[in-house]
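Worksheet for the structure shown next.
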Amino acid sequence: EMFYSSYNFNQPVGNLDKLVEGGYMFCDCGNFNQPIGNLSNLVNGNHMFCYSNNFNQPVGNLDNLVNGVDMFYNCQSFNQPVNLGNLVDGQNMFKECDNFNQPVGDLSNLVGGIQMFQDCRSFNQPLNLSNLVYGSGMFNYCEIFNCTVGNLDNLVYGSEMFYYCPNFNQPVGNLDNLVNGAFMFEN
């Protein structure tokens, strides 16, 4: 929570390559857009850049990130590649990142993806969601999204998952475990 709600903060912070815990660090720093180095040791990025509307800097390799809840939520300018190979919870991670359309790496460890890409109107990247359980609202209003998502065999909660994704037409695998699929493919 180091700079939490410091809306006008936009000063150099150096290289954050040793950072492990980044929860709320730049949350609501609307003007922040400084280089931060490689976040390869980051494990918890919970709310780290949420509402930092101008942030669009390379973050390096996020291979160790496990918790990405709300990490880039409403970072409207953010459009940088990330590698999320160990991500388990990505709830709201890129929600309302209007310009985001970058590869995110292998999401086969992802269990929670509730509203992860909601309102990412430019997003159209292939994903591997083979262990996803919580996918409600994951692609809400991803209007151009039409990429592979892998087999959703473990999906239990998928309500509104592809809500208003008029172009989506990809195989989703076996939905035998689905408990809630309300409005899953509603356009």
Side-chain angles (χ1 to χ4, degrees), residues 1-107 109-127 129 132 134-145:
E1 299 179 13
M2 190 169 187
F3 301 105
Y4 179 65
S5 287
S6 298
Y7 188 81
N8 291 317
F9 180 76
N10 190 27
Q11 297 297 316
V13 295
N15 189 342
L16 301 178
D17 64 337
K18 292 180 178 70
L19 187 67
V20 174
E21 168 63 55
Y24 291 87
M25 188 169 181
F26 299 104
C27 182
D28 205 21
C29 292
N31 291 322
F32 184 71
N33 191 29
Q34 295 289 327
I36 57 171
N38 189 336
L39 297 178
S40 60
N41 288 310
L42 187 67
V43 174
N44 182 12
N46 181 26
H47 293 83
M48 188 168 179
F49 300 102
C50 69
Y51 296 103
S52 296
N53 308 36
N54 293 318
F55 183 72
N56 188 28
Q57 296 290 328
V59 294
N61 188 338
L62 296 175
D63 268 353
N64 289 311
L65 186 68
V66 174
N67 180 359
V69 173
D70 292 333
M71 187 169 177
F72 298 103
Y73 184 166
N74 202 269
C75 287
Q76 296 170 352
S77 300
F78 187 72
N79 192 29
Q80 298 290 331
V82 294
N83 188 352
L84 303 173
N86 287 308
L87 186 68
V88 174
D89 193 351
Q91 181 175 336
N92 298 326
M93 188 169 185
F94 299 102
K95 184 176 180 179
E96 298 177 12
C97 292
D98 298 336
N99 296 309
F100 185 70
N101 186 28
Q102 295 289 333
V104 295
D106 181 14
L107 292 179
N109 290 314
L110 186 68
V111 173
I114 295 171
Q115 298 180 342
M116 186 171 179
F117 298 102
Q118 181 174 324
D119 289 313
C120 290
R121 296 177 192 271
S122 300
F123 187 71
N124 196 30
Q125 297 289 329
L127 302 170
L129 302 175
L132 186 68
Y134 302 95
S136 298
M138 190 168 190
F139 301 101
N140 277 3
Y141 296 101
C142 292
E143 296 166 357
I144 66 168
F145 184 69

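Atoms considered below: every heavy atom in the structure, side chains included; atoms not considered: hydrogens, waters and symmetry mates. Counting begins at 1 with the first residue of the sequence.
- A search for side-chain hydrogen bond (donor to acceptor under 3.5 Å, both in side chains) contacts involving Ser122 returns nothing, not counting sequence neighbours.
- When all heavy atoms are compared, the tightest approach of Asp63 to Gly85 is OD1-N, 4.1 Å.
- Listed by chain and number, the residues in a side-chain contact (heavy atoms from CB on, under 4.5 Å) with Ser5 are Asp28 (sequence neighbours excluded).
- Contact record, Leu129 with Leu110: CD2-CD2, 4.1 Å, taken as the closest heavy-atom pair.
- Contacts of Asn46 classified as side-chain contact (heavy atoms from CB on, under 4.5 Å), with partners at least two apart in sequence or in another chain: Tyr24, Asn44, Asn67, Val69.
- With sequence neighbours excluded, no residue forms a side-chain hydrogen bond (donor to acceptor under 3.5 Å, both in side chains) with Asp17.
- The two atoms that bring Leu62 and Val82 nearest to each other are CD1-CG1, 3.9 Å, heavy atoms only.
- Taking the salt bridge (charged side-chain N to carboxylate O under 4.0 Å, His left out) definition, one finds that Asp119 meets it with Arg121, sequence neighbours left out.
- For Gln91, the side-chain hydrogen bond (donor to acceptor under 3.5 Å, both in side chains) test picks out no residue, with sequence neighbours left out.
- Under the 4.5 Å side-chain criterion, counting only non-hydrogen atoms from C-beta, Val13 is not in contact with Met2.
- Between Asn92 atom CG and Asp70 atom CG the span is 4.5 Å, to the nearest 0.5 Å.
- Using a distance-only test at 3.5 Å, with no hydrogens or angles considered, no donor-acceptor pair links the side chain of Asn41 to the main chain of Val20.
- In this view, Asn99 satisfies the side-chain contact (heavy atoms from CB on, under 4.5 Å) rule with no residue, not counting sequence neighbours.
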Next item on the list: Would you sort out whether Leu19 and Met48 count as a side-chain contact (heavy atoms from CB on, under 4.5 Å), showing the intermediate values?
Entry: CA-CA 12 Å; Leu19 187 67; Met48 188 168 179; 3.5 Å; yes
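- Looking only at distances, a side-chain donor or acceptor of Asn64 sits under 3.5 Å from a matching main-chain atom of Ser40.
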Next item on the list: Would you please test Gln57 and Asn33 for side-chain contact (heavy atoms from CB on, under 4.5 Å) and show each step?
Entry: CA-CA 7 Å; Gln57 296 290 328; Asn33 191 29; 3.2 Å; yes
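- Scanning for ring pair (Phe, Tyr, Trp, His ring centres under 6.0 Å) contacts around Tyr73 gives Tyr51, with sequence neighbours left out.
- Separating the CE atom in Met25 from the OG atom in Ser6 is a distance of 11.0 Å, to the nearest 0.5 Å.
- The nearest pair of heavy atoms linking Ser77 to Asn53 is OG-O, 3.0 Å.
- For the ring pair (Phe, Tyr, Trp, His ring centres under 6.0 Å) test, residues two or more places apart in sequence or in another chain that qualify with Tyr141 are Tyr163, Tyr164.
- Between Gly68 and Leu87, the closest heavy-atom pair is N-CD1, 3.5 Å.
- In this structure, the ring pair (Phe, Tyr, Trp, His ring centres under 6.0 Å) partners of Phe9, at least two apart in sequence or on a different chain, are Phe3, Phe32.
- For the pair Met71/Leu42, a side-chain contact is recorded, criterion being any heavy-atom separation below 4.5 Å from C-beta on.
- Between Val43 and Glu21, the closest side-chain pair of non-hydrogen atoms is not below 4.5 Å.
- Minimum interatomic distance between Ile144 and Phe123 (heavy atoms only, all atoms of both residues): CG1-O, 3.9 Å.
- Judged as a side-chain contact (heavy atoms from CB on, under 4.5 Å), and not counting sequence neighbours, the contacts of Pro58 are Gln80.
- Asp98 contributes no side-chain N or O that, together with a main-chain N or O of Gln76, makes up a donor-acceptor pair within less than 3.5 Å.
- Side-chain atoms of Asn54 come within 3.5 Å of backbone N or O of Gly30 as a donor-acceptor pair.
- Put simply, the residue from Phe72, Phe49, Phe139 that forms a ring-ring contact (aromatic ring centres under 6.0 Å, His included) with Phe94 is Phe72.
- Taking Ser52 as the reference, nothing meets the side-chain hydrogen bond (donor to acceptor under 3.5 Å, both in side chains) condition, with sequence neighbours excluded.
- To the nearest 0.5 angstrom, Leu127 atom CG is 7.5 Å from Met116 atom CE.
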